[in-house]
Amino acid sequence: MWPYYPDLLERPVPRYTSYPTAAEFTEAVGSSVQSAALDAVTSHTDISLYVHIPYCQEICWYCGCNTGAANRSGRIASYLDALEDEIHVVARHLGGRGRVGRIAFGGGSPNAIAPLAFVRLLDRIVTELDAAGAEISIELDPRSLDEAWYDVLRDTRVTRASLGVQTFTPHIQQAIGRIQPLAMIEQAVGRLRDAGVESLNFDLMYGLPHQHLADLGTTLAEAIRLAPERIALFGYAHLPSLIARQQRIDGQALPDGHKRFEQAAHGFKILTAAGYRAIGFDHFARPSDPLAIAGAQGRLHRNFQGFTDDPAGVLIGLGASAISQFPGAIIQNEKMAGRYRMLVAAHQLAGRRGVERHEEDHWRGKIIEQLLCQGEARMSEDRLSRVRHDLEPFVEKGLVRCGPTFVRLLPAGLPYARAVASCFDHYRAFSKGHFSHAV
Ligand code: SF4
């Protein structure tokens, strides 16, 4: 279906959930820039919140997230106290300005905390940041969902949930350290629907140890039967030298680059044939889902949660390692939970590292976003002339078309989107980062 050119996929590239990417963060941009950015928020600024819960009941071997085991209740309680401190500090800076339209809980697994602790945290956010009526979404680990959680999700009017599923194949679940029978997911889907969750996402994976096309096909068939509104089909990135927990995964059992490519293509074919609309090459949504509608109408964006229809100009990240995006800067909170707690307990903002966005970053970021979200970017002849040479290999192979003022991904070029977008990334020429392969 898609032609395979390994040389064009060889170079690891960012996922471009922001531009500049996190590889460009430095400690020169921290809490003082964050403070100025919050001060610049007006009463008309649309704000989205991201709340990071860096704990999980069980740690999966493949996971690259900033998360730890939820095995000490005292540690979680003091983290939640710190989150409340940070909410208070941010609210003081905002002084009632800004309109919070969305609240996303992610991690880790937000359901690693007690359901009542979630209620209290949400109440604090709604009260201090004037967020009544905001749309609430949450990432959930189906292995630690219980009756109390379903009740709380209903009572707090959570309307969107994302379930970590990865694969339904038992022997692959064993190979990645995440055991969750199909019946468990089926039950979670039914109970979440009953609790009023209108939109479900499944995170699935290809490129897993011992995974073959048939395994992926079976997992996708089960996923389609359970009918989530969205499916994200991520390629597993094996980086055991950077992510110690991945050392438990047998690197010899991983599919090679060509097999990964075939798996990505297989997934695309199955999901689009089942009626899902493709968002990029590895995200899928039912045509009636707001993400698919935004894609069709050219309103998709990228933020740290991936593709989004969220138009808010300001994303405020709360919690250790959470990232905030402002028009002029991107800032990450202190990563270490202990130091994060100390900062916010002292009534300080927790921003530690980041990057300011200058005029060139804005136009380059816009082009990268347009390529990934719409498959086409328009620009001046001068800007295009700076990257024509880098785009040539993609043009020669029929993956990209270049006009005088536009770059368009052709259908065969879809899986090369990140590699094509990286041609516009000014920093990739001289800055090193640890990225994954584009497929
Ligand atoms: S539940 Fe999710 S966040 Fe937690 S370890 Fe597993 S993959 Fe990572």
Side-chain angles (χ1 to χ4, degrees), residues 1-2 15-19 46 48 101-102 104 134-137 159-163 193 197-204 206 220 223-235 264-313 315 325 363 365-379 394 398-403 405-421 424 438-439:
M1 186 177 75
W2 293 324
R15 290 172 50 77
Y16 293 115
T17 51
S18 73
Y19 185 81
D46 288 322
S48 291
R102 300 190 189 201
E135 176 190 294
I136 304 168
S137 62
T159 52
R160 298 189 170 277
S162 178
L163 288 178
R193 297 290 193 202
V197 173
E198 295 159 5
S199 177
L200 274 176
N201 173 72
F202 281 6
D203 279 348
L204 302 176
Y206 66 87
L220 291 172
I224 291 164
R225 182 175 65 79
L226 294 171
E229 280 69 22
R230 299 179 189 178
I231 292 177
L233 180 59
F234 295 108
H266 193 55
F268 185 92
K269 203 165 145 190
I270 290 177
L271 289 170
T272 50
Y276 283 88
R277 189 186 289 269
I279 313 282
F281 81 98
D282 55 3
H283 284 64
F284 305 87
R286 292 259 171 229
S288 56
D289 184 88
L291 200 66
I293 294 170
Q297 295 177 346
R299 293 187 289 103
L300 272 185
H301 299 284
R302 296 282 289 166
N303 70 14
F304 284 100
Q305 287 144 279
F307 288 105
T308 179
D309 60 332
D310 185 357
L315 172 68
Q325 286 178 311
W363 68 256
K366 192 89 202 145
I367 290 171
I368 289 171
E369 189 179 57
Q370 285 175 349
L371 278 171
L372 296 182
C373 296
Q374 274 87 52
E376 176 168 334
R378 300 204 157 259
M379 65 209 78
F394 299 95
L399 305 175
V400 162
R401 195 170 150 222
C402 270
T405 58
F406 71 85
V407 176
R408 183 178 304 144
L409 282 172
L410 297 174
L414 206 49
Y416 299 86
R418 277 167 62 193
V420 173
F424 291 91
V439 176

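Keep in mind it's a predicted model, so treat the numbers as computed, not measured.
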side-chain contact (heavy atoms from CB on, under 4.5 Å) for Leu409 and Val400? Distances and angles first, verdict last.
CA-CA 5 Å; Leu409 282 172; Val400 162; 4.0 Å; yes
Side chain to side chain, Ile224 and Ile270, heavy atoms closer than 4.5 Å:
yes
Would you say that Glu369 contacts Tyr19 through its side chain, given a criterion of any heavy-atom pair below 4.5 Å between the two side chains?
no
Value for CG (Leu315) from CG (Asn303), rounded to nearest 0.5 Å, stands at 5.5 Å
If I take atom CG from residue Asn201 and atom OG from residue Ser137, how far apart are they, to the nearest 0.5 angstrom?
10.5 Å
According to the side-chain hydrogen bond (donor to acceptor under 3.5 Å, both in side chains) rule, which pairs have a member within residues 271-288, sequence neighbours left out?
Tyr276-Arg286
When every non-hydrogen atom of Val439 is compared with those of Ala264, the smallest separation belongs to CG1-CB, 3.9 Å
List the residues meeting ring pair (Phe, Tyr, Trp, His ring centres under 6.0 Å) with Phe424, not counting sequence neighbours, and say none if there are none.
none
When every non-hydrogen atom of Pro228 is compared with those of Ala223, the smallest separation belongs to CD-O, 3.1 Å
If every non-hydrogen atom of Tyr206 is compared with every non-hydrogen atom of Leu233, which pair is closest and at what distance?
CE2-O, 3.6 Å
Straight-line distance of Phe202 CZ to Leu163 CG, nearest 0.5 Å:
6.0 Å
Give, for atom CG of Asp310 and atom CG of Asp46, the distance between the pair rounded to the nearest 0.5 Å.
8.5 Å
Determine whether Leu291 and Glu229 satisfy the following criterion, side-chain contact (heavy atoms from CB on, under 4.5 Å), listing intermediate values before the conclusion.
CA-CA 9 Å; Leu291 200 66; Glu229 280 69 22; over 6 Å; no
Note, Phe406 side chain near Glu376 side chain (heavy atom, < 4.5 Å):
yes
Any side-chain to backbone donor/acceptor pair from Arg102 onto Ile136? Under 3.5 Å, distance only.
no
Least distance between heavy atoms, Phe307 atom then Leu372 atom
CE2-O, 3.5 Å
With a 4.5 Å heavy-atom cut-off, do Asp203 and Ser162 have their side chains touching?
yes
Just do the side-chain contact (heavy atoms from CB on, under 4.5 Å) check on Leu300 and Gln374 with the steps written out, would you?
CA-CA 7 Å; Leu300 272 185; Gln374 274 87 52; 4.0 Å; yes
How close do Pro290 and Asp309 get, heavy atom to heavy atom, and via which atoms?
CB-OD2, 3.3 Å
Any side-chain heavy-atom pair of Arg302 and Arg15 under 4.5 Å
yes
Contact between Arg230 and Phe284 at the side-chain level, heavy atoms closer than 4.5 Å - yes or no?
no
Find out whether Leu371 and Tyr16 are in side-chain contact, i.e. whether some heavy atom of one side chain is under 4.5 Å from a heavy atom of the other.
no
So which heavy atom on Gly275 is nearest to which on Pro287, and how close?
O-CD, 3.2 Å
May I ask you to test the Arg378-Arg408 pair for a side-chain heavy-atom distance under 4.5 Å?
yes
